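Written below as structure tokens is the structure these notes are about.
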There are 2 protein chains.
Amino acid sequence: MLALSLWMRNPESCRFTATMGSNLTETEISSDEAAPTLSAVAKRAGVSSITVSRVVRLPDLVAPETRARVEKAMRELGYVPNLVAGALASAKTNSVGVLVPTIANSIFADTVQGLSDKLEPLDYSVILAQSRYDAAREDRMLAALLSRRPEAIIMVGSPATEDGKRLLRHARIPIVETWELPIDPIDAVAGFDNYEAGVAVARHFIAQGRQHLAFIGGDDPRGTRRWLGFEDHALAHGLQPPRRLILERNASGSVAAHANLPGVDAVFAANDAHAIGFMAGLRKAGLLRDGPAAAQPVAVVGLGDLEMGRLISPSLSTISVHGDAIGRTAATLTLERGGERRIDLGFELVLRDSG
Amino acid sequence: MLALSLWMRNPESCRFTATMGSNLTETEISSDEAAPTLSAVAKRAGVSSITVSRVVRLPDLVAPETRARVEKAMRELGYVPNLVAGALASAKTNSVGVLVPTIANSIFADTVQGLSDKLEPLDYSVILAQSRYDAAREDRMLAALLSRRPEAIIMVGSPATEDGKRLLRHARIPIVETWELPIDPIDAVAGFDNYEAGVAVARHFIAQGRQHLAFIGGDDPRGTRRWLGFEDHALAHGLQPPRRLILERNASGSVAAHANLPGVDAVFAANDAHAIGFMAGLRKAGLLRDGPAAAQPVAVVGLGDLEMGRLISPSLSTISVHGDAIGRTAATLTLERGGERRIDLGFELVLRDSG
DNA sequence: ATTGCATATGATAGCGCTAACATTCGGCCA
DNA sequence: TGGCCGAATGTTAGCGCTATCATATGCAAT
């Protein structure tokens, strides 16, 4: 193999062997040549490079025998098209930028999964960036994404800064904001009404006869909208002002949360992880029953409908949101320019045993 | 604004206003011009395009006054560099391809998070692809990634097919395989020994006096390695052959699993989600205690150390694996060519109340 | 035979940027 | 005073493709 490899270093030899009908495979190509280009394939197949380009992109335009010859040359050289060059020449990158606050341990992963599943079969690539809930980093990431000239940007929420919004507005590509329904969207929207989700939970707690409500979770824009709906509805129905506890983003903090909420008999957690952490705290305090919601000293409702919430005991009541549907819808909105640009995917209050 | 916008359509007018010292911002640029290029900025600033290029990439090489002038022009035009063109010219894309089986509800999200956190500050972009545990799709995704000419590829596991391996070997870029320790790696490795993880759990069950072992989970390569270690160790210690139940990838299937495992008194679940699902089934069957491991009729150990496992009751014993550390290490391996190329990040058997 | 038209292929000119090599100009040393 | 150097800027020639417009060829319709 070494000898072969050295021998192969002369491109003419390659060509010669191929002409002689050897069935060289790409494994046998010398390893110190530059990656083969369109024109290398063209030369080997005895056609012009545009014909090779057509074999890759528009095979129907090429006569079967020519195509076969070119495909053979591509295989022999181990040709991998260079989409960077292709994108520059065609002004089409076939990529979409995706910006999420975080991908780890988060429901946004479902959204990324959903949109990838829709886009990958269409030969779009996903360029992923994370803002980590940091406005400055978000702006940097948006600029970084845009400089790769994606065909569209899909993001969770809206840009936190005016600079970010301006950047997107000037990009002249489809922009999809997700997981909320901004009043003044940049372009398209695929989400649900976080305020109404808060209202729905408050309404449920009130119907259940709960008196002292609390909200736990982050203070990101979506969490805050949920809180506002929750608070407004509780106040409108004459309850004591609900309490709001802002927690770190990991669920462990929520375990200790109930100590800071004396007298509270119903808790809306901004996401299921927090809800489950909070329930762990309740259990330690002897305030969790395996019975139905009515038997719970403290009712708990989460948001997200994690699979895990169905499995634990007591099972977790939650606002169910279809993260993957949001992703798929967002993908559709990037591909179709016409039609409705504001899609409310709604949510559902799923009542189980926790509250 | 409309009038201004129309008026601005004439580039000469733009230039004129700028010359007059107006503080136009990019919001005021007409919306039907093509995205500004380097040379548009250069023309406006009265320099050559290479100088603009230097202001963007090597600002120290440009005199402060020139730089200021160029930066002003960039701001006024709302210039966003075109990295596609830059990548083609410099043969450097500043991107890495990342291939995971799935990102939703999975520990791989931690790995993606970890590597992004390391790469994004260095101005690398992450191109994300999912194989969905499908060998054909994996090969397609690898080819798609490579055609974008990433500087490196980071993937979970090894390519399932020879074609995939060959593709990567010929790419002549750093390749990092993660979450396992292949005997014959393509290039670099950041993972742990799945076989030994299985051994560790079997050893623990034996020490605990358990007699009838079972393994539940997927039949992907890593799950299978865990099973093999588990099985080998159990057999070597004279136990009955352990049972293996292959489940769908969602945890719900595991809820019913114990019905198919009569007489089993210790279960190793290939991941924490399955473990928690299995425990939900045990609870329904009255086979779960809130006491310590020794009190459990059926011991359960998971893998992954999800935060949730610590929160539920009984708390979940698990093989702890640092997914984010795997990601960060993989990122480091893509950036540094020298040094150790096979990094075993190990695992830890964390014993809690479930087994 | 001529026209017309579809099919198959090619020549040419960029896409927007950067690498590599000039060039200019003042200052400083011998 | 000539030569040399570094700092600042420019010129040129691509990177590997694709859009666009030719150019051949065969064949049915006139």
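Each chain gets a letter, A, B and so on, in the order the sequences are listed, and its residues count up from 1. Worth saying up front: this structure is predicted, and the values here are computed from it rather than measured.
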Provide a list of protein-nucleic acid N or O atom pairs under 3.5 angstrom, restricted to nucleotides 13-18 of chain C.
{"unit_1": "C/dC15", "atom_1": "O2", "unit_2": "A/Ala89", "atom_2": "N", "d": "3.3"}
{"unit_1": "C/dG16", "atom_1": "N2", "unit_2": "B/Ala85", "atom_2": "O", "d": "3.4"}
{"unit_1": "C/dC17", "atom_1": "OP1", "unit_2": "B/Tyr79", "atom_2": "OH", "d": "2.5"}
{"unit_1": "C/dC17", "atom_1": "OP1", "unit_2": "B/Asn82", "atom_2": "N", "d": "3.3"}
{"unit_1": "C/dC17", "atom_1": "OP2", "unit_2": "B/Leu38", "atom_2": "N", "d": "2.3"}
{"unit_1": "C/dT18", "atom_1": "OP1", "unit_2": "B/Arg57", "atom_2": "NE", "d": "3.1"}
{"unit_1": "C/dT18", "atom_1": "OP2", "unit_2": "B/Ser53", "atom_2": "OG", "d": "2.2"}

Checklist outcome for this item: The single option from B/Glu65, B/Arg69, B/Glu71 that satisfies side-chain contact (heavy atoms from CB on, under 4.5 Å) with B/Arg67 is B/Glu71
Next on the checklist: Without decimals, in angstroms, what is the distance between B/Asp60 CG and D/dG6 C1'?
Outcome noted: 15 Å
Please table the atom pairs, donor to acceptor, closer than 3.5 Å between any side-chain atom in residues 118-128 of chain A and protein atoms at least two apart or in another chain.
{"unit_1": "A/Lys118", "atom_1": "NZ", "unit_2": "A/Thr332", "atom_2": "OG1", "d": "3.4"}
{"unit_1": "A/Glu120", "atom_1": "OE1", "unit_2": "B/Arg137", "atom_2": "NH2", "d": "2.3"}
{"unit_1": "A/Glu120", "atom_1": "OE2", "unit_2": "B/Gln130", "atom_2": "N", "d": "3.4"}
{"unit_1": "A/Ser125", "atom_1": "OG", "unit_2": "B/Arg148", "atom_2": "NE", "d": "2.5"}
{"unit_1": "A/Ser125", "atom_1": "OG", "unit_2": "B/Arg148", "atom_2": "NH2", "d": "3.3"}

Next on the checklist: With each end axis built from five pairs of C1' atoms, what bend angle do you get for the helix from C/dA1-D/dT30 to C/dA30-D/dT1? Round to 10°.
Outcome noted: 50°
Checklist entry - Does A/Asp117 pair with A/Arg328 as a salt bridge, N-O distance under 4.0 Å? => result no
Item to check | Value rounded to 0.5 Å, distance of OG in B/Ser95 from CZ in B/Arg149 | outcome: 11.0 Å
Checklist entry - Does any non-hydrogen side-chain atom of A/Leu142 lie less than 4.5 Å from one of A/Leu168? => result yes
Checklist entry - Rounded to whole angstrom units, what separation is found between the CZ atom of B/Arg69 and the P atom of D/dT9? => result 8 Å
Next on the checklist: Just the rounded figure in Å: distance from P of C/dA8 to CG of A/Leu58.
Outcome noted: 13 Å
Checklist entry - D/dG10 phosphate, OP1 or OP2: any side-chain N/O from B/Thr51 under 4.0 angstrom? => result yes
Checklist entry - Should A/Val47 and A/Val70 count as side-chain neighbours, where that means a heavy-atom distance under 4.5 Å? => result yes
Checklist entry - When we call it a touch if two heavy atoms are under 4.0 Å apart, what does A/Ala91 touch: a base, just sugar-phosphate, or nothing? => result nothing
Checklist entry - Within a strict 4.5 Å, meaning less than it, do heavy atoms of the B/Val62 and B/Asp60 side chains meet? => result no
Checklist entry - Looking only at atom types and distance, does a side-chain atom of A/Glu177 sit under 3.5 Å from a main-chain N or O of A/Ile186, one as donor and one as acceptor? => result yes
